[in-house]
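Comments concern the structure below.
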Protein chains: 2
Amino acid sequence: MAASPSETTSPEIRVAVDLIVLTLREGALSVLLIQRDDEPHRGAWALPGGFIAHGEDLEDAAYRVLSDEASLGSGAVHLEQVRTFGTPGRDPRGHVVSVAFMALGADLPDPRRGEDVADARWWPLSDLCAVTLAFDHATVLDSAVERARSKLEYTTLAVTFLPEEFTVSQLRGVYESVWGTTLDAGNFHRKATRTEGFLEELDRYAAPTGGRPARLYRAGAGTSLVPPLLRSGD
Amino acid sequence: MAASPSETTSPEIRVAVDLIVLTLREGALSVLLIQRDDEPHRGAWALPGGFIAHGEDLEDAAYRVLSDEASLGSGAVHLEQVRTFGTPGRDPRGHVVSVAFMALGADLPDPRRGEDVADARWWPLSDLCAVTLAFDHATVLDSAVERARSKLEYTTLAVTFLPEEFTVSQLRGVYESVWGTTLDAGNFHRKATRTEGFLEELDRYAAPTGGRPARLYRAGAGTSLVPPLLRSGD
DNA sequence: GCAAAAGTGTTAGGTGTACACCCATGA
DNA sequence: TCATGGGTGTACACCTAACACTTTTGC
């Protein structure tokens, strides 16, 4: 809900999608924001979004926004619906009901600037305290981040932040960055490698980074983590 | 998304709410369904729902449907958004984006019939295998039920299925009915009463039902259950 | 007393946490 | 050789599941 039809206060209800695109950039959980080039909230940073077209599926609209406004292909992002925000007044242009989608990807590229967009960049979440987001996007962002944090506990979602092949420490790094905690390396290794369906062991090793080379893994077939990996220490 | 404006295929996108109202009736997890009196799907059973009005909040619309179509006041139901369904073609009347809300309540009364409704009644979930629901409501119902089942694990949501004062066995009955399992009475008692914020002990006892009278409790102040009560046995 | 339901005790086995320790590499 | 990160072993605390047992009622 950021660009597209730019009338003033429409008499009809319009449906939009907002995207919370999350990735890890230099070990920091970061979100893609665009700087608005139109009223309302011109110049403010906002989540990428757009109105859905008649006959368009919600997910398709989300992928469209991802490629139009964020210049990110649909390749290798995990897209998931988070919640719908529809309180009248959240958008000064009229009654807009917006379905929030969370998109997670491995080290996504820098965005090209799309239309109606003054700028687009990745923001580490930790830098956002100082920024006032447009609309109710601070709330929308929070709900997505909290969703991502809690889904790491009981699903294999963390692997979507990593390239196809990765080491256990990289995986641990995902948990540590998203949760903002530190985890015991040994215990994490055991838990990750022993949890059925989480990791598939490869016969290759990563280039050493000053220590013993780490074995490479790829994502396993499972989607849920039993037992879960809980946030309160490991 | 069941009644109200009854035009044929609208050119605009319309927003609706669908309600999954769940309660326990004679120990069986049951859902409120209405029998449609209009095309499409005339005669079929469906979730109560309705289009939202311009300027109306999603939650307000959900409460309105609750009182109009289900003749249930807003008193003592827990209302929670589940997911939004917007695939074109899910409603033959046009492009309808529907926000699903789950409503949980304690032994809710029999519904009065509302407008545009041939009949309305509670259906035990176990009786629904044989019934084909209108629209994509089977999917919508499933997602709500799964949400309810999993939220019992890590929140205090179970108490919303009970009257203000209840016994530990009644609470255990909620878990057993919703999960379709049996739980060890002794272990459940300990866990429920020791989990901080879950239960508040009263100084009164329920009328005995053939055994030692059970102490009465009311819901505690907490909303999350740590540690969680997991489904795989207790 | 007996049956039934509430509630407590007990114990064996599993899981998580902390941390010591060994392994494999580059410098 | 040392430093560094990868990976394993181990002990202890805690939690859970199973089930025996006590308490308190109605009949």
Side-chain angles (χ1 to χ4, degrees), chain A residues 27 152-154 158 162 165-177 179 181-218 220 224-234, chain B residues 27 152-154 158 162 165-177 179 181-218 220 224-234:
Chain A
L152 287 204
E153 294 190 334
Y154 57 93
L162 292 174
E165 301 186 354
F166 53 86
T167 67
V168 172
S169 340
Q170 288 179 289
L171 182 65
R172 176 164 48 85
V174 172
Y175 278 89
E176 292 182 333
S177 304
W179 286 347
T181 55
T182 59
L183 301 172
D184 181 282
N187 293 334
F188 181 87
H189 186 277
R190 233 188 318 259
K191 219 159 161 178
T193 51
R194 308 245 163 115
T195 300
E196 194 143 2
F198 196 6
L199 299 181
E200 189 181 324
E201 190 177 293
L202 301 176
D203 281 329
R204 273 165 308 109
Y205 293 83
T209 61
R212 172 175 167 180
R215 185 181 280 275
L216 287 170
Y217 293 82
R218 75 161 72 112
S224 65
L225 237 45
V226 278
L229 255 155
L230 298 174
R231 252 176 282 192
S232 41
D234 173 58
Chain B
L152 287 205
E153 293 190 336
Y154 57 93
L162 292 173
E165 301 186 352
F166 54 86
T167 67
V168 174
S169 343
Q170 287 179 289
L171 183 65
R172 177 164 47 84
V174 172
Y175 279 89
E176 293 181 331
S177 304
W179 286 347
T181 54
T182 60
L183 300 172
D184 181 281
N187 293 335
F188 182 88
H189 186 277
R190 231 189 318 260
K191 218 159 161 177
T193 52
R194 307 245 165 114
T195 300
E196 192 143 1
F198 196 7
L199 299 181
E200 190 182 324
E201 188 177 297
L202 301 177
D203 282 330
R204 273 164 309 110
Y205 294 84
T209 61
R212 171 175 169 179
R215 184 181 281 275
L216 287 170
Y217 292 83
R218 76 161 71 114
S224 65
L225 234 46
V226 276
L229 255 154
L230 298 174
R231 253 178 279 193
S232 41
D234 175 56

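All values below were derived from every heavy atom in this structure, side-chain atoms included, with hydrogens, water molecules and symmetry-related copies excluded. A, B, ... follow the sequence lines: proteins, then strands. Residue 1 opens every chain.
Atom CZ of Arg204(B) and atom C1' of dT24(D) are 19 Å apart (whole Å). Arg231(B) places its CZ atom 19 Å from the C1' atom of dA17(D), with the value rounded to the nearest Å. Rounded to whole Å, the distance from CG on Asn187(A) to P on dA13(D) is 17 Å. One atom, NZ of Lys191(B), and another, P of dC14(D), lie 17 Å apart when rounded to the nearest Å. The separation between Leu230(B) atom CG and dG14(C) atom C1' is 14 Å, rounded to whole Å. At whole-Å resolution of the value, CG in Leu183(A) and C1' in dC19(C) are 16 Å apart. Rounded to whole Å, atom C1' of dT24(D) lies 13 Å from atom CZ of Arg215(B). Atom C1' of nucleotide dA24(C) and atom OH of Tyr205(A) are separated by 10 Å, given to the nearest angstrom.
By the 4.5 Å heavy-atom criterion applied to side chains, Phe198(B) and Lys191(B) are not counted as neighbours.
Within 4.0 Å of Arg194(A), counting heavy atoms only, lies no atom of the nucleic acid at all. Looking at heavy-atom distances under 4.0 Å, Ser169(A) makes contact with sugar-phosphate atoms alone, never a base. Using a 4.0 Å heavy-atom distance criterion, Thr193(B) is classed as making no nucleic acid contact.
Counting only heavy atoms from C-beta on, Arg172(A) has its side chain closest to dG6(D) among dG6(D), dT16(D), dT25(C). Side-chain proximity of Ala214(B) to dG7(C), dG26(D), dG16(C): nearest is dG7(C). The side chain of His189(B) lies closest to dG7(C) when the candidates are dT8(D), dG9(C), dG7(C). Counting only heavy atoms from C-beta on, Asp184(B) has its side chain closest to dA18(D) among dT8(D), dA24(C), dA18(D).
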Between N or O atoms, less than 3.5 Å apart, protein on one side and nucleotides 1-4 of chain C on the other: list the pairs.
| from | atom 1 | to | atom 2 | distance (Å) |
| --- | --- | --- | --- | --- |
| dA4(C) | N3 | Gly210(B) | O | 3.3 |

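Across all non-hydrogen atoms, the minimal contact from Ser177(A) to Gly27(A) is OG-O, 2.9 Å. Between Leu230(A) and Glu153(A) the shortest heavy-atom distance is CD2-OE1, 3.9 Å. Shortest non-hydrogen contact noted between Ala206(B) and Pro213(B) is O-CB, 3.5 Å.
For Arg204(A), the side chain to side chain donor-acceptor pair (under 3.5 Å) partners are Glu165(A), not counting sequence neighbours. Applying the side chain to side chain donor-acceptor pair (under 3.5 Å) test to Arg215(A) and every residue at least two apart in sequence or in another chain returns Glu201(A), Tyr205(A). Listed by chain and residue number, Arg218(A) satisfy the side chain to side chain donor-acceptor pair (under 3.5 Å) test with Glu200(A) (two or more places apart in sequence, or in another chain).
Rounded to 10 degrees, the angle between the two end axes of the helix from dG1(C)-dC27(D) to dA27(C)-dT1(D) is 10°, with five pairs used at each end.
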Determine all donor-acceptor pairs shorter than 3.5 Å in which one atom belongs to a side chain in residues 168-175 of chain B; sequence neighbours excluded.
| from | atom 1 | to | atom 2 | distance (Å) |
| --- | --- | --- | --- | --- |
| Gln170(B) | OE1 | Thr167(B) | N | 2.9 |
| Tyr175(B) | OH | Leu152(B) | O | 3.0 |

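Each of Arg190(A) and Gln170(A) was assigned the nucleotide of DNA chain D with the nearest heavy atom; the assignment lying further toward the 5' end belongs to Gln170(A).
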Using side chain to side chain contact (heavy atoms under 4.5 Å, CB included), reason through Thr182(A) and Phe188(A) one step at a time and then give a plain yes or no. CA-CA 10 Å; Thr182(A) 59; Phe188(A) 181 87; over 6 Å; no

